[in-house]
Every structure is written in C-alpha cells, then in structure tokens.
A.B. asks: 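Let me begin by handing over the structure; questions about it come next.
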Amino acid sequence: MSTVNLDVTAGIGRVTLNRPERMNAIGTVLLRDLHAALTEAAERPDVSVILLCGAGRAFCAGDDLKEFDQQTRDDAAIRAHIAGIQQITHDLMFGSKVVVGAVHGFAVGGGFEWLLNCDLVVASDDLQAFFPEMDWGQFVTGGVTHLLPLAVGYQRAMELMLLGERQSAARLAELGLVNRVVPREALLDTATALAATVAGKSRFSTGRLKRLMTVDLSDTLRRALDLEAAATIEAFGNPEAAARVARFAARKSS
C-alpha cells in the first residue's frame with residue numbers, strides 16, 4: 001500500500017501522507033511516494049490546487065530515525081536520501097499550482113519544513129512544530145535557511161532553528177507562519193474551502209504569481225537548497241550524528 005494517497009475532487013488534488021503508524025515519519029518509501037503523488041497532481045489537468053495533509057495523529061514527525069542506519073550506510077545512501085528530501089521542496093515550491101497545507105498534531109523537522117513550503121497553511125489548534133536537527137547533529141533542509149529569515153527576521157529564525165523549542169499553532173500564527181488556526185475537527189473542511197477559493201480563481205494568474213514569487217524574482221531559494229544539501233550530507237556522515245541519534249532513541253525507548 002502506498003504511503004501517500006492522491007484523491008482529486010472538484011479541482012483539488014488532496015495529497016495525504018499515509019504512514020500513521022510512524023506518524024508519517026520521513027523514510028525512503030514515503031519520499032518516493034510523495035514525489036510521485038506531487039508530480040501526478042502537478043501534471044493532471046483536472047487539478048487546480050494541491051491540498052497537503054497527513055493521516056493519523058500527526059502531519060509529519062520528521063526523519064524516521066529507525067531508518068537512520070539505512071540512510072547513512074554509505075555516501076551514496078546519504079546523498080540519495082538528502083536529494084529525496086530536497087526534491088519535495090522543489091515539487092512543492094517550484095511548480096505552478098498553489099499548495100494549501102492542512103497541518104495538525106506534530107510538524108517536526110522535515111514536517112515543519114514542508115509546512116513552510118506550502119503557499120497557504122491552515123493549522124489545527126493542537127499543532128506543535130519544531131526543529132530537532134541541532135540536537136541530533138543534523139541540519140535543516142527544505143530551503144528554510146532562506147524562507148525563515150524572510151518570514152520572521154534573522155534573530156527569530158536563528159532562535160527557531162538553533163533552540164528547537166516547540167511552537168504552538170497560536171505562536172506560529174503570531175509569527176506569520178500559518179494563515180488560519182482552527183479546531184482539529186474543522187481542519188480539513190477549512191483547508192478544503194480555502195483550496196476551493198483558490199481553485200475558483202484564474203489558474204494562469206495564480207500559477208504565474210507563484211512562479212514569480214518562488215523562481216523568477218531570485219535564485220536564492222535554489223542556492224539555499226543546494227547549500228543545505230551539502231551541509232546535511234556532511235552532517236549525516238559525521239559520527240556525532242549517529243551517536244546523538246542513538247542516545248535519543250535510547251532515551252525514547254527507556
């Protein structure tokens with residue numbers, strides 16, 4: 001069974017992370033399936049807007065640490081994993097279709113990055129988002145080294161990435177990182193209504209606006225993705241990362 005589902009209704013392509021038993025943690029198969037679903041949604045003429053959400057009790061819990069040994073078994077595996085992560089940001093941000101995020105539960109690490117890659121975000125009031133990478137000896141990806149300072153300023157961006165403190169949905173709204181905060185039971189209906197509003201607008205105009213904002217005005221986002229990939233490859237190959245991940249896993253299982 002696919003770890004990501006694509007359902008199309010009334011011009012909205014709903015892409016659902018479907019690995020609830022692992023809180024939609026980012027593994028090799030999920031990256032492959034998500035890329036395929038986003039590519040199909042981008043290419044289908046009956047899709048005007050993409051709605052990204054997660055099944056179960058979390059949007060995305062970040063990298064699957066149970067796969068860390070597999071992801072870092074050699075240099076080729078590390079590079080392939082990081083390329084897969086950065087490809088999702090390309091899929092979300094460099095296409096012409098608006099992406100609406102419906103984010104609940106936890107958006108951790110890469111899940112937080114994917115939240116920031118959406119064009120519009122509806123968050124449930126139970127959302128907790130944070131970056132654990134500095135604790136794990138890893139590095140942020142998803143273009144956030146460019147996107148976060150633009151959104152919240154340099155010091156606040158450094159605070160979010162360096163300290164890794166949990167951010168509530170209300171706090172994310174204060175920071176301007178989500179557009180709506182709603183009760184959990186209203187999340188999908190609210191996000192779907194927002195996506196439908198966008199779908200009712202000119203596809204040419206919305207697509208051209210998105211491309212201008214993410215691609216045409218500057219190549220900084222692309223450069224950030226390349227530099228993040230290089231830093232993350234170096235981090236994954238550093239023995240410190242394996243030691244820190246092992247300590248975290250041991251604490252979690254005790």
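Heavy atoms only: backbone and side chains are in, while hydrogens, waters and symmetry mates are out. Everything numeric here is computed off the predicted structure, so don't read it as measured data.
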A.B. asks: If we only count heavy atoms from C-beta on, is the Asp33 to Asn5 side-chain gap below 4.5 Å?
C.D. replies: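 No, side chains not in contact.
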A.B. asks: Write down the atom of Gly137, the atom of Ala235, and the distance for their closest heavy-atom approach.
C.D. replies: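 Answer, listing the atom of Gly137 first, then Ala235: O-CB, 3.5 Å.
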A.B. asks: Assess the residue pair Leu148 and Leu160 against the criterion (side-chain contact (heavy atoms from CB on, under 4.5 Å)); give the C-alpha distance rounded to whole Å, side-chain angles, the decisive distance to 0.1 Å, and a yes or no.
C.D. replies: CA-CA 9 Å; Leu148 262 182; Leu160 290 168; 3.8 Å; yes
A.B. asks: Show every side-chain hydrogen bond (donor to acceptor under 3.5 Å, both in side chains) that has at least one partner inside residues 142-163, sequence neighbours left out.
C.D. replies: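 Listed by first then second residue: Thr145-Glu228, Arg156-Glu159.
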A.B. asks: Looking at every non-hydrogen atom in both residues, tell me the closest pair between Ala191 and Leu51 and how far apart they are.
C.D. replies: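 In this case the closest contact between Ala191 and Leu51 is CB-CD1, 3.7 Å.
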A.B. asks: Looking only at non-hydrogen atoms, find the nearest pair between Ala169 and Asp125 and report the distance.
C.D. replies: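 Closest approach of Ala169 to Asp125, heavy atoms only: CB-CA, 4.2 Å.
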A.B. asks: Leu116 and Ile26: same hydrophobic cluster, using ILVMFWY side-chain contacts below 4.5 Å?
C.D. replies: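 Yes, because Leu116 and Ile26 connect within a single hydrophobic cluster, where side-chain heavy atoms sit under 4.5 Å apart.
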A.B. asks: In a check of side-chain contact (heavy atoms from CB on, under 4.5 Å) between Leu92 and each of Leu34, Val15, Leu38, which one passes?
C.D. replies: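 When Leu34, Val15, Leu38 are each tested with Leu92, the side-chain contact (heavy atoms from CB on, under 4.5 Å) holds only for Leu38.
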A.B. asks: Please examine the side chains of Glu133 and Glu113, heavy atoms only from C-beta on, and report whether any two atoms are closer than 4.5 Å.
C.D. replies: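 They are in side-chain contact.
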A.B. asks: Going by distance alone, is a donor N or O of one side chain under 3.5 Å from an acceptor N or O of the other, for Thr3 and Asn18?
C.D. replies: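 No - no donor-acceptor pair under 3.5 Å links their side chains.
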A.B. asks: Of all the heavy-atom pairs spanning Ala151 and Leu177, show the shortest one and how long it is.
C.D. replies: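 Minimum heavy-atom contact is CB-CD2, 3.7 Å.
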A.B. asks: Would you give the length of the straight line joining atom CG of Leu127 to atom CZ of Arg171, rounded to the nearest 0.5 angstrom?
C.D. replies: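 Reported to 0.5 Å precision, the distance equals 14.0 Å.
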A.B. asks: Just grab all the ring-ring contact (aromatic ring centres under 6.0 Å, His included) pairs involving residues 16-69, residues at least two apart or on different chains.
C.D. replies: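 The answer is Phe68-Phe236.
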A.B. asks: Can a salt bridge be assigned to the pair Asp226 and Arg222 using a cut-off of 4.0 Å between side-chain N and carboxylate O?
C.D. replies: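 No, this pair does not count.
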A.B. asks: Once you round to the nearest 0.5 Å, how far does CD1 of Ile88 lie from CZ of Arg32?
C.D. replies: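 With rounding to 0.5 Å, CD1 (Ile88) is 12.0 Å from CZ (Arg32).
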A.B. asks: Does a side-chain N-to-carboxylate-O contact under 4.0 Å join Asp119 and Lys210?
C.D. replies: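 Result for this pair is yes, salt bridge flagged.
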A.B. asks: Heavy-atom distance under 4.5 Å between the side chains of Val122 and Val103, does that happen here?
C.D. replies: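 When only atoms from C-beta onward are counted, Val103 and Val122 do not touch, as no gap falls below 4.5 Å.
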A.B. asks: Supply the atom-to-atom distance Arg208 CZ to Ser202 OG, rounded to the nearest 0.5 angstrom.
C.D. replies: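 Rounded to the nearest 0.5 Å, the CZ-OG separation comes out at 12.0 Å.
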A.B. asks: For a quick test of reading the model, state the closest non-hydrogen atom pair linking Leu30 to Ala25 and the distance between them.
C.D. replies: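 Taking Leu30 first and Ala25 second, the nearest heavy atoms are CD1-O, 3.8 Å.
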A.B. asks: Could you name each residue pair satisfying salt bridge (charged side-chain N to carboxylate O under 4.0 Å, His left out) that touches residues 39-64, not counting sequence neighbours?
C.D. replies: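 Of all non-adjacent pairs touching residues 39-64, those that pass salt bridge (charged side-chain N to carboxylate O under 4.0 Å, His left out) are Arg19-Asp64, Arg22-Asp64, Glu40-Arg44, Arg44-Asp46.
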A.B. asks: Just how far is it from atom CE of Met93 to atom CG of Leu225, taken to the nearest 0.5 Å?
C.D. replies: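 Met93 CE to Leu225 CG: 8.5 Å, rounded to 0.5 Å.
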A.B. asks: Give me the atom names and distance for the closest heavy-atom approach of Val49 to Val98.
C.D. replies: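 Looks like CG1-O, 3.4 Å.
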A.B. asks: Taking CZ in Arg180 as the centre, count heavy atoms belonging to other residues, nucleotides or ligands within less than 6.0 Å. Is the count above 12?
C.D. replies: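 Atom CZ in Arg180 is not packed in, count stays at 12 or less.
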